[in-house]
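Remarks on the structure that follows.
Bear in mind the structure is a predicted one, so any value in this text is a computation, not a measurement. Chain identifiers are assigned alphabetically (A, B, ...) following the order of the sequence lines, protein sequences preceding nucleic acid strands; residue numbering begins at 1 within each chain.
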2 protein chains.
Amino acid sequence: MVTILDVARQVGVSKATVSNVLNSKGRVSEATKKAVFKAIEELDYRPNVLAQSLSKQVSDTIGLLIPSGYHTSRYITRLIDMTQELANKAGKFLMITQVDGNDIELGIQSIRKLIDRRCDGIIYYKSSHIEEIDIQNKLETLIEELPVPLVVLNYNLPNKPDYCVWFDHVAIAQLAVVNLIERGHKKIAYISGQQHMHTSRARLQGYQDAMKKAGLELNSRLIAGGSDSHYQGGYDACKKLIKRELDFSAICCYSDAMAIGALKALKENGISVPEDVSIFGLDNDYVGDFMDPPISSIDVPVDDIISIAGKLLLEHMQNKLPTSKSNSLTGQLVHRKSVKDIID
Amino acid sequence: MVTILDVARQVGVSKATVSNVLNSKGRVSEATKKAVFKAIEELDYRPNVLAQSLSKQVSDTIGLLIPSGYHTSRYITRLIDMTQELANKAGKFLMITQVDGNDIELGIQSIRKLIDRRCDGIIYYKSSHIEEIDIQNKLETLIEELPVPLVVLNYNLPNKPDYCVWFDHVAIAQLAVVNLIERGHKKIAYISGQQHMHTSRARLQGYQDAMKKAGLELNSRLIAGGSDSHYQGGYDACKKLIKRELDFSAICCYSDAMAIGALKALKENGISVPEDVSIFGLDNDYVGDFMDPPISSIDVPVDDIISIAGKLLLEHMQNKLPTSKSNSLTGQLVHRKSVKDIID
DNA sequence: CTGAAAGCGCTTACAG
DNA sequence: CTGAAAGCGCTTACAG
């Protein structure tokens, strides 16, 4: 490939001069500038970014680490879109890499690899699947030790409040259940995601908290899970609930996807929604609005969490004090036809 | 940060020796090896990959370029998952970056940026949205000029058959329409995606070809599009079709997403599926199976196209002759309840 | 078995 | 206004 030396030779100047015009540094006469640009054009010269970064000791690169296996989540694609845009605006190169979401050690290894390539800052989306001992401590220590800022998405680090943004999934599920209760429901079932997921456990707890606070019966047989945390799992779980022949007027589901599966199971069993049973999803997936009936849900501010993370990272990179205060986000009710009021 | 020199000094050897033990090159006594590893551990030394790449003149890095704005597609997440796995297995670092899918010039710029960082090979997923003059020529020329192999996904480059893999969307749509015809349908409507998309135009053409071949009437009023190529667009388009008060027994849709929107519109108008009208989607999105009724579709071999692309890239990188012959893929019928047979 | 030296492609004071 | 030299952190023949 053509190097800066080739350009310098073609023009008859030194590398330093070529470098200076490239970086508009120092004083260079208009004539040589022109000649240099001409040669660059002719030779189709492009600087080797690796060499530049090594020499300058900055890479102007942001690293983004995403978890694998999120085929169904809009979070990740949105995260990529928004972070790329942020990087473009800040004049940084975005280097995205993916890591198995189930293993925190692999995650830390990947973060280190990003550092080895001299990223100036890193955003790490922590998969809900990870739940190992001491993970909080590991991440907090990592943030201390790393030579560049690391912002963690989707996890609470109490000792590093300026380095994380997360959803309060307990509150998100509560929102749905409280709404059901306010509308007269007392016998509320819950379809749960798989319990190895942090998000899943938090949402289940939100359901339980809301029931307790309202003084309603907490029957573990009103809670069911399925083979996965998606359509099929919702379908499975709902069939279980139906088989148990319990009395319930509403189901809150771990996600819209599970709610869609549940809806199918209910229909197959001749149970009308919302006439016989009301359904609530969580996440406000776009498709929920196109179900029959459309599914009520809690909208989760995905864009907000990402833009806050981006803002935090840039502030740290510029050694500014972070301006963001609330790094814990909840959601917003979205009413659709899958829930009916119960009047005694 | 700690450098190789720090390690060398701590052990009392030269940088060359440290480098040799790190790369297990040359003969180094066990004793110094041990001492070096100990120092590396103690100092938490990690080689600067930028410096390594510059010196070695290889980076062991693969670049993956994805389009933005694919919030709804499972292709992209799958592409990331599979390419990452491929890179891991090949011992390469995967550097993913994203670019506005609408502009081929931006795409080429991003490819160049990847080269500037010395990627040893690049996979470029060409968005269907791009459709500019001369794009085929631009990409073919780029492949010629680039110092490393570039494989293009989702686009046909007739003069570079070993550097591209794509879906034959004409054939994919034909498959659905031919199946409807075989099952007795004659009046078949089509809900189209937005025509600025290459995929969208190809699928529409597949519908038209199939109708023509069967000697069926091609009525342009049986074709409708919507505000987007997704749920809402399908809903809009179907409402248009209904308003036109034409006689049709089936609708083939550009995608499952549009089919889901269409289903909603039909239901709202008291039209039963499949009793009154049959519906066909394309893509075989997972959610289609959870509709009421489940939607027939054409499964598109996403995984295949990606693994072929990966194989091609690695073969080029190793200067092997590509073994893959068929770089054009079609789909497979998936029968569900949204289509009924018509018996005269 | 080990080290001095040159080199990868760039930038950056500094001297002229 | 321009260039020689040193340096970024590593690797790689080569000499000893």
Side-chain angles (χ1 to χ4, degrees), chain A residues 1-37 39-40 43-61 93 112-120 147-148, chain B residues 1-37 39-40 43-61 93 112-120 147-148:
Chain A
M1 299 198 75
V2 17
T3 72
I4 199 171
L5 192 58
D6 298 318
V7 177
R9 275 206 266 260
Q10 166 129 346
V11 183
V13 293
S14 72
K15 296 184 299 175
T17 300
V18 176
S19 176
N20 276 332
V21 349
L22 234 37
N23 300 294
S24 20
K25 272 192 181 170
R27 345 242 106 244
V28 184
S29 75
E30 279 307 315
T32 49
K33 259 188 203 168
K34 280 234 168 69
V36 168
F37 282 128
I40 286 173
L43 298 171
D44 194 22
Y45 165 70
R46 308 205 109 225
N48 181 330
V49 174
L50 266 34
Q52 283 183 318
S53 299
L54 184 62
S55 180
K56 284 191 186 168
Q57 294 285 75
V58 279
S59 68
D60 281 330
T61 300
F93 182 85
R112 288 230 145 88
K113 281 189 191 170
L114 252 13
I115 303 279
D116 293 343
R117 287 169 186 268
R118 294 299 178 269
C119 284
D120 300 327
V148 300
Chain B
M1 299 198 73
V2 19
T3 72
I4 199 171
L5 191 59
D6 298 320
V7 177
R9 274 208 267 259
Q10 165 130 347
V11 183
V13 293
S14 73
K15 295 183 300 174
T17 300
V18 176
S19 175
N20 276 333
V21 348
L22 235 37
N23 300 294
S24 20
K25 272 191 182 170
R27 348 239 106 246
V28 184
S29 75
E30 279 307 315
T32 49
K33 258 188 206 168
K34 280 233 169 69
V36 167
F37 281 128
I40 286 173
L43 299 171
D44 193 24
Y45 166 70
R46 309 204 106 226
N48 181 330
V49 174
L50 265 33
Q52 282 183 319
S53 299
L54 185 62
S55 180
K56 284 192 186 168
Q57 294 285 76
V58 279
S59 69
D60 282 328
T61 300
F93 181 86
R112 288 229 146 89
K113 282 189 191 170
L114 252 13
I115 304 279
D116 294 343
R117 287 169 186 268
R118 293 300 178 270
C119 284
D120 300 327
V148 300

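- Residues in residues 44-54 of chain B take part in these side chain to side chain donor-acceptor pair (under 3.5 Å) pairs, two or more places apart or across chains: A:Asp116-B:Arg46.
- Under 4.0 angstrom from either OP1 or OP2 of C:dC1 there lies no side-chain N or O belonging to B:Thr32.
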Please list every donor-acceptor pair under 3.5 Å in which a side-chain atom of residues 11-18 of chain A meets a protein atom from a residue at least two apart or in another chain.
unit_1, atom_1, unit_2, atom_2, d
A:Ser14, OG, A:Ala16, N, 3.3
A:Ser14, OG, A:Thr17, N, 3.3
A:Ser14, OG, A:Thr17, OG1, 3.3

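- Between A:Thr17 and D:dG3, a side-chain N or O to OP1/OP2 separation shorter than 4.0 Å is present.
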Given protein heavy atoms under 4.0 Å, the one-letter contact record of nucleotides 5-16 of chain D, with B base, S sugar-phosphate only and - none, is simply --BBBBBB----
Wobble G-U and Watson-Crick pairs count when both distances are under 3.5 Å; given that, what is the 5' to 3' dot-bracket string of DNA chain D, with | for pairing to other strands? |||.||||||||.|||
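- Residues satisfying the side-chain hydrogen bond (donor to acceptor under 3.5 Å, both in side chains) test with A:Arg112, not counting sequence neighbours, are none.
- Among residues two or more places apart in sequence or in another chain, the side chain to side chain contact (heavy atoms under 4.5 Å, CB included) test is passed with A:Thr61 by A:Ser59, A:Phe93, A:Met95, A:Cys119, B:Arg117.
- Nearest heavy-atom pair, B:Lys25 versus B:Val28, reported as atom, atom and distance to 0.1 Å: O-CG2, 4.2 Å.
- Atom CG of B:Asp6 sits about 12.0 Å away from atom CD1 of B:Ile40, to the nearest 0.5 Å.
- For the atom pair NZ (A:Lys113) and CD1 (A:Ile115), the distance works out to 13.5 Å, reported to the nearest 0.5 Å.
- For the pair B:Leu43/B:Val7, a side-chain contact is recorded, criterion being any heavy-atom separation below 4.5 Å from C-beta on.
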